[in-house]
Visitor: 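My questions will all concern the structure given below.
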Amino acid sequence: MLDASLRTQADRFGSENSWTRKNRLARLVTAWILWLVLLGNAAFIIWLWGNGGGISAVKNIATFFTSVGRITGLLSAYLALVQVLLLARLPFLERLLGFDSLTIWHRRNGKAVLYLVLAHVVFITLGYALLDRLSLPNEVSSLLGNYPGMIAATVGTALLILVAISSFVVARAKLPYEAWYAVHLTAYAGIALAWVHQVPTGNEFILRPVATAYWTALYMATWVFLVMFRVAQPIFRAFWHRMRVAEVIVEGPNVVSLRITGQRLDRLGIQAGQFFLWRFLSPGRWWQSHPFSLSEAPAGTSLRITVKASGDFTRQLAGVRPGSMVVAEGPFGVFTDAVRKRERVALIAGGIGITPVRALAEEMRGDVVVIYRAIREEEVVFRAELDQLARDRGVTVHYVIGHHAAPQGERVMSPEHLRELVPDIMDRDIYICGPPGMARFLERNVRAADVPRSHIHIERFAF
Ligand SMILES: Cc1cc2nc3c(=O)[nH]c(=O)nc-3n(C[C@H](O)[C@H](O)[C@H](O)COP(=O)(O)OP(=O)(O)OC[C@H]3O[C@@H](n4cnc5c(N)ncnc54)[C@H](O)[C@@H]3O)c2cc1C
């Protein structure tokens, strides 16, 4: 006879059932509302610009340039605020898109901000130079000397350009993460300086109270959300949950687990597969926060993370003392059972990507297969725990060990190999987790094994 949880599973995956439909509908409605708000504000900004003479004042090439310069400036300011909100940890955005997708949108939107800011600078300078009949260098010096807020705007623009350059793939790969992060923080100063240039001193606003009130409200709302969810909430939670490191366990060469205890952990609303941004309040570590997934399904009494030493911060984690205080922002991520669409699943982990997979294997019901890919036998962690899950819960576990450069190595995790391991792979939901290169490789091969994109869920261990 089916027990209650299995009955729920059977109900959930029966066919296109009401649970899935409701979940999908709620996400769709939220997505539509968000798009409406986003585009509605953009439309209102364009209307304000048009109503303020954006089109009617265009009489010649000079006024055309200044008008284009104004609208690109206004849209760049708007998208810069959206940029802040995308990573302000807004709970409904996190639930809808997940941290991963938000960072992808943040990257795309950042490019749009950069191009619009550059267009604004170029068009305004050209337009004013033609109107004032000055050469470009003379116009630049006149703008800087005679227009209030222009120095602030120039510094703000320089900071935004610096942030954008530091985010280009080549530059980012060369910069230590902490340096990249520090440069990113200056973007907030850049946006504050843009406000000084735009609202109290900008030509668009001086005589237009509606535009001034609207833009002030946009800036204020953004800062309120930012302070609420990036500053106040983590501080409040630190006091509310009082998390501490209870134990540091060596799992294998270069891998440690940290068990974290605290108060009211059951109220965090965690799902297996999610991650937190962890900050350890001990000397030399307190100023950095790093993402780590939970490596156990949440039980309400303690949390466990498992970390592979891969850089400066992770190498030192074995040295964290039990008793150290911890601040955790989260939970984040949609690499959870909630996005599953089919009763049968295959969880594929590359290397340390086993951490959320281990938690999911513990929590998921139904037909679950785990494929654990590691280069060397000694890199395998949780073997005893996975074998226990296999015995107690009927989870099928395949360990795929070996170097891809070894003879026959190119076959390892190929579409054919995946089909051999899981013959019905195309009828399952597939969860993939690992470092970005490995996740990309696995995704490609799973797709080639005929699994539709909509049934593949991925957690990449880098933003
Ligand atoms: C959602 C998610 C879940 C993760 N879960 C785990 C886990 O369970 N176990 C585990 O061992 N690793 C996990 N990682 C990877 C882990 O966060 C990085 O290995 C770690 O932050 C590296 O820091 P470092 O200073 O030791 O290394 P560095 O040499 O400084 O960084 C190595 C790479 O990690 C990334 N990185 C560094 N610091 C951060 C940061 N603060 N935020 C985001 N990315 C950063 C950078 O892209 C960098 O290229 C996860 C990553 C993500 C994005």
Side-chain angles (χ1 to χ4, degrees), residues 87 89 94 97-104 106-107 166-185 230 234 248-260 270-280 284-298 303-320 327-336 347 349-362 372 374 379-382 431-440 457-463:
L87 289 190
R89 323 275 194 254
E94 296 294 339
L97 291 168
F99 206 100
D100 265 23
S101 307
L102 286 170
T103 45
I104 293 170
H106 180 81
R107 218 170 291 150
S166 76
S167 299
F168 286 136
V169 178
V170 184
R172 190 169 171 185
K174 294 218 162 93
L175 277 178
Y177 180 83
E178 289 71 30
W180 173 84
Y181 188 75
V183 171
H184 249 68
L185 285 184
R230 285 209 74 165
V248 180
I249 308 138
V250 176
E251 300 282 1
N254 297 324
V255 181
V256 289
S257 283
L258 278 74
R259 181 157 300 282
I260 288 138
I270 309 169
Q271 299 168 61
Q274 289 189 302
F275 68 95
F276 285 77
L277 296 174
W278 299 91
R279 191 182 293 275
F280 297 89
R285 298 188 188 93
W286 62 270
W287 54 276
Q288 314 185 34
S289 71
H290 287 250
F292 299 113
S293 306
L294 297 180
S295 57
E296 245 178 26
L303 306 171
R304 183 181 71 174
I305 55 172
T306 303
V307 179
K308 180 174 178 176
S310 57
D312 295 349
F313 183 84
T314 43
R315 262 196 292 274
Q316 305 167 13
L317 271 189
V320 171
V327 178
E329 264 187 89
F332 297 121
V334 289
F335 191 69
T336 64
L347 312 174
I352 195 62
I354 190 65
T355 53
V357 163
R358 152 74 183 80
L360 280 172
E362 185 183 351
Y372 185 177
E379 286 172 6
V380 172
V381 287
F382 306 137
Y431 286 65
I432 297 172
C433 181
M438 199 181 252
R440 253 194 318 275
H457 316 282
I458 304 177
E459 186 76 284
R460 293 175 191 84
F461 271 6
F463 297 134

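Scope of the values below: all heavy atoms of this structure, side chains included, with no hydrogens, waters or symmetry mates. Ligands are counted one by one from 1 in listed order, and the atoms in each one are counted from 1 as well. Remember, it's a predicted structure, so these values are computed and weren't measured experimentally.
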Visitor: For the backbone of G333 and the side chain of Q274, can you confirm whether one donor and one acceptor N or O come within less than 3.5 Å of each other?
Guide: yes
Visitor: Hey, what do you get for OG (S295) to CD1 (I305), rounding to the nearest 0.5 Å?
Guide: 8.0 Å
Visitor: State which residue, out of W278, F313, Y181, F276, fulfils the ring-ring contact (aromatic ring centres under 6.0 Å, His included) condition with H290.
Guide: F313
Visitor: Heavy-atom contacts under 4.0 Å between R460 and ligand 1: side chain, backbone, both, or neither?
Guide: backbone
Visitor: Return yes or no for this condition: an N or O of R315 is under 3.5 Å from an N or O of ligand 1.
Guide: no
Visitor: Closer than 4.0 Å to some heavy atom of F313 - which atoms of ligand 1 meet that?
Guide: 24 (P), 25 (O), 26 (O)
Visitor: Could you tell me whether T306 approaches ligand 1 through its side chain, its backbone, both or neither, with non-hydrogen atoms closer than 4.0 Å?
Guide: backbone
Visitor: Do NZ/NE/NH1/NH2 and the carboxylate oxygens of E94 and R89 come within less than 4.0 Å?
Guide: no
Visitor: Verify the contact flag for atom 18 (C) of ligand 1, where contact means a protein heavy atom under 4.0 Å away.
Guide: no
Visitor: With heavy atoms only and a cut-off of under 4.0 Å, state how S295 meets ligand 1: side chain, backbone, both or neither.
Guide: neither
Visitor: What residue and heavy atom of the protein are closest to atom 36 (N) of ligand 1, and at what distance?
Guide: Y177 CD1, 3.7 Å
Visitor: Please state which protein non-hydrogen atom is closest to atom 26 (O) of ligand 1 and give its distance, to 0.1 Å?
Guide: T314 OG1, 2.5 Å
Visitor: Give the atom numbers and elements of ligand 1 that come within less than 4.0 Å of a heavy atom of A462.
Guide: 53 (C)
Visitor: To which protein heavy atom is atom 20 (C) of ligand 1 closest, and what is the distance rounded to 0.1 Å?
Guide: H290 ND1, 3.7 Å
Visitor: Checking contacts here: is it the side chain or the backbone of F275 that comes within 4.0 Å of ligand 1, counting heavy atoms only? Could be both or neither.
Guide: side chain
Visitor: Could you tell me, atom by atom, which parts of ligand 1 come under 4.0 Å of a heavy atom of T355?
Guide: 7 (C), 8 (O)
Visitor: For ligand 1, does I352 get within less than 4.0 Å through its side chain, its backbone, both, or neither, judged by non-hydrogen atoms?
Guide: side chain
Visitor: Could you pull out, from F461, F99, F335, F276, the option with a heavy atom nearest to atom 3 (C) of ligand 1?
Guide: F461
Visitor: Taking the six-membered ring for Trp, are F335 and Y431 closer than 6.0 Å centroid to centroid?
Guide: yes
